[in-house]
Each structure stands twice: as structure tokens, then as C-alpha cells.
Amino acid sequence: MSPASGRHLGLVGATTVGVGAIVGGGILALAGVAFATTGPAAMVAFLANGMIAAITAASFADLARRFPESGGTYTYAKKVLSVEVAFTVGWVVWFASIMAAVLYALGFAAFAGEGLARLLRGMGSEAGWLGERSVRLLGALAATGFYTLALVRKASGGGRVATVGKVIVFAVLIVGGAFALAREPATESLARLDPFATAGLAGIVQAMGYTFIALQGFDLIAAVGGEVRDPLRNLPRSMFLSLGIALAIYLPLLFVIATVGVPGEERIAGLAAANPEGLVAEAAEHFLGSGGYWLVILAGLLSMLSALQANLLGASRVAFAMARDRTLPLALGRMRGASGTPALAVAATAAGVAAVILVVGDVAAAGAASSLIFLISFAMAHWATILARRRSGDLRLPVLPLLGAALCLGLALFQGFAVAAAGGLVAVWLGVGAAVYLTLLAPGARLADASAEARDPHLARLRGRSPLVLVPIANPASAASLVDVAGTLRTPEVGRILLLSVVQTPEQAPGEDDPALRDAQAILGESLHASLVDELAPETLFTVARDPWAEIARVARIHRCETLLLGLSRLTAPGVERRVEELIGSVTADVVILRAPRRWRIAQVQQILVPLGGRRDHSHLRARLFASLSRIGEAKVTFLRIVSPAASAEERRRAEREVIALARDEANGPYEVVVEEADDPAAVLVGHAAASDLVVMGVQRRGRRRRSFGTLPLTMARETETPLILISRRG
């Protein structure tokens with residue numbers, strides 16, 4: 001994030017984000033549903049949900065301390081999971097906050113319509129039109145539009161006033177209920193709680209499934225973690241504080257509603273069944289008069305608005321973080337210069353909210369879908385916590401995350417079957433996400449992920465990987481250069497290098513002065529000297545085999561190496577091309593072939609030439625290579641595309657657009673894009689190579705598993721002295 005929008009939230013500000021998202025909207029909309037389902041035992045359902053939420057908050061706090069960045073569950077997932085799984089998590093989390101925003105936008109419209117209708121009826125006017133679906137949808141869209149503009153203009157969006165106001169209103173309701181309780185005998189109040197659980201344990205579980213969304217919101221603090229000051233202390237504290245404040249309001253309020261909010265001999269279950277959405281207002285009117293009714297309406301309006309603002313804020317930050325990783329379109333990861341806000345991410349989130357409002361249009365359906373998808377996202381957060389702990393060396397049994405994941409998944413399964421429409425909506429969203437990712441986002445996301453893992457020394461460890469670079473060395477003169485390049489390709493801290501020397505089986509028993517043994521000793525000495533200079537500490541392996549090429553392939557398969565680095569000073573020697581093609585086709589590793597002078601150092605490279613064709617076969621490996629190079633220096637990369645002079649203007653423009661997009665995805669430093677017309681591409685390449693310190697080219701495909709150097713790399717090898725790297729992405 002830019003300095004303008006940096007860490008501007010303290011403990012109070014971060015807690016306000018959580019309280020604004022949790023308190024109010026959920027309980028006002030869903031308390032009636034819970035009481036209708038299980039009677040006074042709705043208090044137990046909310047308390048049980050609070051315990052699940054507290055366990056989940058513990059996992060979020062653990063992750064927030066490890067990764068104090070914006071993005072929430074998505075950011076945590078991308079640290080410990082593959083990019084595809086991280087996209088799935090981010091897609092789910094983004095939709096979860098979108099659905100919550102839909103719930104609160106529709107809830108605001110419902111409360112505003114209810115209050116305005118009573119005012120008009122009191123004035124003798126008909127207000128039936130306020131209950132029409134189109135009017136409710138218009139109100140929801142208006143509230144969404146207002147907060148969208150606020151969040152585009154200012155990072156915090158201005159939701160603190162609404163949050164403080166609704167907490168005050170809830171406090172007045174609770175205090176008023178306490179005075180009402182004090183005025184009547186305790187036996188009379190407690191008698192209204194009988195029967196306590198009208199549908200038994202099953203009813204309590206059912207009420208938990210309906211109302212879990214009422215405790216969602218603390219996770220949004222993690223979503224804006226990159227904007228919180230002193231995150232190691234303030235992120236965990238604000239999560240638990242916001243959840244504690246919510247429960248301190250919910251449980252007393254539910255008790256007041258179930259006792260002094262019920263008139264005469266009636267019971268809360270019957271009252272809720274008759275009017276679930278208006279239950280809280282009706283109960284408040286009973287013990288506080290008409291003032292109580294209007295307090296609930298005011299609390300509802302403030303609650304819905306602040307929760308809407310908080311979920312728009314959190315969802316936009318998830319979209320922003322995903323776009324930065326290319327798991328959403330890159331444009332969503334841009335900051336608005338004037339305000340320092342991710343304006344396009346906010347707008348895209350608001351567009352999603354508006355679309356779902358128009359499709360769903362119902363508070364109950366939005367609430368059911370919100371609960372379901374948040375339970376799924378929370379289970380994913382527990383999973384990420386378990387993996388992060390284990391891969392950080394903490395081998396203790398993760399009791400709380402395991403328990404939290406089981407409880408969240410159990411409730412999610414219940415919700416999916418109990419409310420089929422909610423399950424269907426979530427399934428559609430996941431299907432759309434899979435289609436969008438595979439058709440539009442996957443190439444860029446995988447490149448960004450490869451670059452991130454090559455740059456970040458902790459990422460591979462957190463993902464449980466220890467990738468191996470296998471380096472066969474047959475010539476002592478090439479040992480230093482190969483070890484140097486291997487150290488660049490190796491994933492920092494967790495990556496390993498295996499130096500392989502294959503002694504070819506002689507026709508007779510070797511003597512002490514056998515040349516093959518002397519070469520092996522020289523190779524070992526040169527390799528170890530170079531590795532000690534670079535502080536690489538590689539592993540070494542000597543083997544004896546009749547066919548060194550087949551032996552290299554065997555060792556690569558046995559050790560499951562990720563990258564095979566070959567040094568070939570004579571690419572054009574008879575038979576070399578065929579044997580290399582066979583080797584590349586027989587291994588599943590990325591293959592990097594180096595042709596360079598003796599003791600050449602890759603850190604000396606200042607200018608890299610990358611000739612491009614029309615495919616992206618090698619983009620992933622190039623992105624990893626350039627990211628690795630960025631750790632040791634900042635070389636300029638020239639991406640060169642040669643087109644035929646006969647190409648049309650449109651073909652040339654298309655080629656230029658393709659190269660610009662590829663360069664943007666692959667480069668990790670300064671770069672330029674060059675598109676030239678030429679009848680003789682080889683001559684152009686040789687000319688550019690003379691002004692470069694390194695040429696990186698791809699090995700062409702010839703069928704599914706066959707590879708070919710092609711004529712251009714061989715021409716470069718014959719006619720230039722520039723160091724040359726040929727790459728072949730695993731098949």
C-alpha cells in the first residue's frame with residue numbers, strides 16, 4: 001500500500017471495523033428466526049455460535065501475527081497453499097463479504113421501509129407501496145452506492161459514527177429492559193422461558209445454522225491487516241475485543257426480549273413465529289413504549305449501514321490483494337492516487353453486491369447464503385492455521401484449529417442441506433470462479449506465484465516444499481559457472497543443490513591415474529570451491545554408469561528434482577542435440593542449459609535479451625529465473641519479437657500487445673519491449689546478442705514430449721560468444 005493509505009488504523013479503529021461488521025444487523029434480522037426455531041434456547045444457539053467464533057478468532061489471530069498483511073483468509077492461504085487453492089479461498093472469501101453486504105443492504109431497506117411506513121400511517125397516508133420489492137431493491141442499491149463513493153474517496157469510509165451510535169442505542173435497550181425486569185417478580189419473568197428449548201437439541205443446532213452470520217465481522221479486521229498499526233498486538237486484540245463486545249450486547253438483549261419483551265401469557269416462540277422480522281422492535285415497544293420501537297428502528301438502520309460499510313471495505317481489500325497476485329484482473333490492484341484507496345476493487349465489489357441484490361432480493365435468502373459461505377471460509381482459515389504451524393516447525397497437535405474446522409464444516413453441511421437455495425447459490429459462484437480462473441486468470445496468476453516463491457525465502461517453506469536443482473558436471477572448467485547459476489535458481493533457504501558427477505564405466509578396471517577418476521576429482525574440487533565461495537553447501541553424488549545421459553535421467557527421476565541444470569559448451573557437437581532432446585523428454589523437471597565462458601558469473605549480467613515466439617510455453621520458468629536474478633541484482637531485460645515484413649499493421653499491433661502483456665507478467669525489474677520486422681531473424685538476434693550480457697531462449701516443442709533446440713538457438717551458439725541459457729518447461 002502507498003504511504004497515504006498505510007497503517008492508519010489503531011486498536012480503536014480496527015476494533016471499530018469489527019464491531020461495525022458484527023453488532024446489530026445480524027441479530028435484528030435473525031433473532032426472530034432463532035426464537036421461532038427453538039424458543040428461548042436461541043440464547044444457547046447464539047452462545048454456542050460465539051464459542052465457535054471465538055475458536056475461529058484464535059486461528060485468525062495466529063495467522064494475523066504470522067502474516068500482518070491485508071487480504072485476510074486469502075492472504076493466509078496463498079502463503080501455505082498452491083495458487084489454485086489460494087484463488088479458490090480468495091474467491092470464496094470475497095463472495096462471503098459480498099453476500100454479507102447484500103444482507104445488510106437489504107436489511108437497511110427493510111428497516112427504512114418499516115419505519116417510514118409507520119410514520120406515513122400515523123399521518124393518515126397509505127404506505128403499501130413501501131413494501132414493494134422494487135422499492136426495497138432501490139433502497140438497498142442507494143445505500144450500497146453511498147458507501148461505495150465514501151470508500152473510493154477515503155480509506156476508512158466514514159463508518160465510525162454509525163458504529164458508535166448503534167452501540168449506544170443497544171445499550172439503552174438493554175438498560176431499559178433491565179429496569180423492566182426489576183419492576184416485576186423474577187418468577188414471572190423466568191416463567192416466560194418455559195418451555196426453554198421448544199424443538200430440543202435439533203432446534204438449537206438449526207438456530208445456530210441460521211444465525212451464525214450474526215457473529216461474522218471480526219475476520220474483516222484481518223482483511224484490512226495491512227492498514228493496522230502495530231499489527232502484532234492490535235490485530236489479535238481487536239478481533240477478540242470486537243467479538244467480546246458483540247456477545248456482551250447480544251446475550252443480555254436476547255434475555256430481555258425473551259422475558260419482558262413478551263406480553264401477558266404469551267411465549268417468545270409464538271410471538272416470533274407470527275412476526276420474525278419485526279420481533280425485536282415489537283418486544284422493545286412492549287417494555288419501553290413507542291420510544292423502544294423507534295430505538296430499534298434507529299439501531300437497525302445504523303447497524304445495517306455500518307455492517308454494509310465494513311463488508312464493502314473488507315471485500316474490496318480481498319479483491320485488491322488477489323489482483324496484486326494476478327488471481328483477479330490486475331486493474332483491481334491499482335491505487336487511486338488522490339485518495340490512496342483501491343478504487344477499482346471497491347467498484348468491482350460494489351458491482352457484485354448490486355448484481356446479487358437484484359438477483360436475490362430477499363433478506364432471508366441472503367442471510368442463509370452468507371452463513372453458509374462464511375462457515376466454509378472459516379473452515380479454510382483453520383486449515384491454513386494448521387498448515388502454517390506445521391510448516392513453521394510447530395509439531396504440537398493443533399487442537400483448537402481442528403475443532404474449529406470440524407464445527408464450521410458441520411454447520412456448513414447442515415446449512416447447505418437445510419436451505420437448498422443457499423447451497424445452490426454458493427455452487428454457482430464457485431463454478432463461475434473456476435471458469436473465470438481457468439480461462440482468463442490462470443497464466444498470469446501462476447507466473448506471479450512463481451516469481452513470488454523465487455523472491456520470498458519463506459514462501460516455499462510455508463508451502464512444505466524443498467525443491468532440488470540437479471547439476472550434472474562433466475567438465476571441471478564449467479563447474480564454477482554452473483554452481484553460480486544453480487545458486488541463483490535455487491529457492492532461498494529451503495532449496496537444495498545436488499552436484500552429480502557420472503564416471504563412465506571403462507572397458508577395463510581403472511588404475512590410480514585413470515583420466516576419468518582424475519576428472520571426477522577435479523570436478524569435485526572445482527564444484528566444492530565454487531559452492532564454498534557462494535556459501536551454497538550443495539550435496540554431491542558420484543555414480544558409475546555406461547551411459548551418462550541415461551544416468552542423469554535416472555538420478556533426476558529418483559530425486560524428483562524440480563530443475564535440471566546442464567552445462568554444454570559445445571551445443572553444435574555431433575550427437576549432442578539428439579541426446580539432450582532425449583534427456584529432456586525423459587524427465588519431468590524444468591531443464592536449463594547453460595553455454596558460458598569459464599568462471600562466468602551471472603551476477604555480472606546487466607542486459608538480458610529474451611527472443612520471443614508466439615507462445616507462452618516457457619513463461620513460468622522465465623518468470624522464476626528473472627525473479628531469482630532480482631535477488632542478486634537488477635538487470636534490464638529486453639523482450640524481442642521479430643515479425644515478417646509482410647505482416648499487416650494489425651498483426652504487428654497484436655504481436656506488440658502480446659509481448660507487452662508477457663513482459664509485464666514475467667519481468668521483476670526494468671524492461672523494454674522491442675518488435676522488429678526482418679526477413680532474416682537470425683541476423684537480427686545475433687546483432688542484439690552482441691549488445692547483451694545474456695541471452696535466454698526457449699527449447700521448442702515437437703509433439704507432446706519431444707523438444708528441439710531449433711535453428712535460432714544453434715545459430716546463436718555458433719555465431720556469438722554471448723552467454724546463452726536455453727530453457728524447457730516440464731511437459
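Only this structure's heavy atoms are used, side chains among them; waters, hydrogens and symmetry mates stay out.
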Practice problem: List the steps, then state whether salt bridge (Lys or Arg N to Asp or Glu O under 4.0 Å) holds for Arg317 with Glu69. | Solution: CA-CA 10 Å; Arg317 284 355 183 227; Glu69 307 168 25; over 6 Å; no

Quiz prompt | Criterion side-chain contact (heavy atoms from CB on, under 4.5 Å) on Val44 and Phe196, from CA distance to verdict | solution = CA-CA 10 Å; Val44 177; Phe196 187 71; 3.6 Å; yes

Quiz item: Between Leu312 and Val346, is a side-chain contact (heavy atoms from CB on, under 4.5 Å) present by the stated rule, with each step listed?
Solution: CA-CA 7 Å; Leu312 284 173; Val346 173; 6.0 Å; no

Exercise. With side-chain contact (heavy atoms from CB on, under 4.5 Å) as the test, would you mind laying out the steps for Leu328 and Phe320 before giving the verdict?
Key: CA-CA 8 Å; Leu328 282 180; Phe320 174 79; over 6 Å; no

Practice problem: Check the pair His286, Val260 against side-chain contact (heavy atoms from CB on, under 4.5 Å), reporting the backbone distance first and the verdict last. | Solution: CA-CA 8 Å; His286 180 256; Val260 295; 5.6 Å; no

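Contact between Gly90 and Val318 at its shortest, heavy atoms only, is O-CG1, 3.9 Å. In terms of heavy atoms, Ala345 sits closest to Leu332 at CB-O, 3.5 Å. Nearest approach of Thr73 to Ser377, heavy atoms of both residues: CG2-O, 3.9 Å. Heavy atoms only, all atoms of each residue included: Lys78 and Ala86 are closest at CA-CB, 3.6 Å. The heavy-atom pair separating Ala53 from Leu215 by the smallest distance is CB-CB, 4.3 Å. Here the closest heavy-atom approach between residue Leu254 and residue Met43 is recorded as CB-CG, 3.6 Å.
Listed for the Thr15 side chain is no donor-acceptor partner under 3.5 Å among the backbone atoms of Leu241. Judged by distance alone, with hydrogens and angles left aside, the side-chain atoms of Thr327 form a donor-acceptor pair with the main-chain N or O of Met322 at under 3.5 Å. Distance alone, capped at 3.5 Å, places no donor-acceptor pair between the Asn311 side chain and the Ala100 backbone. The backbone N or O of Leu193 lies less than 3.5 Å from no partner atom in the side chain of Arg267, so there is not a single donor-acceptor pair.
Applying the salt bridge (Lys or Arg N to Asp or Glu O under 4.0 Å) rule to Glu285 yields the partners Arg118; only residues at least two apart in sequence or on another chain are considered. Qualifying ring pair (Phe, Tyr, Trp, His ring centres under 6.0 Å) partners for Trp383, counting only residues two or more places apart in sequence or in other chains: none. For Thr349, the side chain to side chain donor-acceptor pair (under 3.5 Å) partners at least two apart in sequence or on another chain are Trp94. For Ser392, the side chain to side chain donor-acceptor pair (under 3.5 Å) test picks out Arg66, with sequence neighbours left out. Judged as a ring pair (Phe, Tyr, Trp, His ring centres under 6.0 Å), and not counting sequence neighbours, the contacts of Phe374 are Phe378. Every residue two or more places apart in sequence or in another chain was checked for a side chain to side chain donor-acceptor pair (under 3.5 Å) with Ser370, and none qualifies. Residues passing the ring pair (Phe, Tyr, Trp, His ring centres under 6.0 Å) test with Tyr293, sequence neighbours excluded: none. Arg192 pairs by the salt bridge (Lys or Arg N to Asp or Glu O under 4.0 Å) definition with Glu184, Glu188, not counting sequence neighbours. Scored by the side chain to side chain contact (heavy atoms under 4.5 Å, CB included) test, Leu251 finds Phe46, Leu47 as partners (sequence neighbours excluded). With sequence neighbours excluded, the residues satisfying side chain to side chain contact (heavy atoms under 4.5 Å, CB included) with Pro195 are Thr198.
Listed by first and then second residue, the salt bridge (charged side-chain N to carboxylate O under 4.0 Å, His left out) pairs involving residues 81-91 are Glu84-Arg446 (not counting sequence neighbours). Screening residues 43-52 for side-chain hydrogen bond (donor to acceptor under 3.5 Å, both in side chains), with sequence neighbours left out, gives Asn49-Thr211.
Here the side chains of Leu305 and Phe146 are not in contact, with every heavy-atom distance at 4.5 Å or above. Residues Phe111 and Leu28 form a side-chain contact, since some pair of their non-hydrogen atoms from C-beta on lies under 4.5 Å apart. Annotation: side chain of Thr38 is not in contact with side chain of Val205 (no heavy-atom distance under 4.5 Å). By the 4.5 Å heavy-atom criterion applied to side chains, Leu253 and Tyr250 are not counted as neighbours. Under the 4.5 Å side-chain criterion, counting only non-hydrogen atoms from C-beta, His382 is not in contact with Leu402. Between Tyr74 and Val92 the shortest side-chain heavy-atom distance does not fall below 4.5 Å. Between Met99 and Leu425, some side-chain heavy-atom pair lies under the 4.5 Å cut-off. A heavy-atom distance below 4.5 Å is not found between the side chains of Val262 and Phe35.
Separating the OG atom in Ser238 from the CG atom in Leu243 is a distance of 11.5 Å, to the nearest 0.5 Å. Expressed to the nearest 0.5 Å, how far CH2 of Trp429 lies from CZ of Phe95 amounts to 6.0 Å. A distance of 11.5 Å separates CE in Met380 from SG in Cys408, rounded to the nearest 0.5 Å. Here CZ of Phe414 is found 6.0 Å from OH of Tyr210. Values are rounded to the nearest 0.5 Å. With rounding to the nearest 0.5 angstrom, the CD1 atom of Ile213 is 4.5 Å from the CD atom of Gln216. Note that CD1 of Ile249 and CZ of Phe170 are 7.0 Å apart. Values are rounded to the nearest 0.5 Å.
Within 6.0 Å of CZ on Phe179 lie no more than 12 heavy atoms contributed by other residues, nucleotides or ligands.
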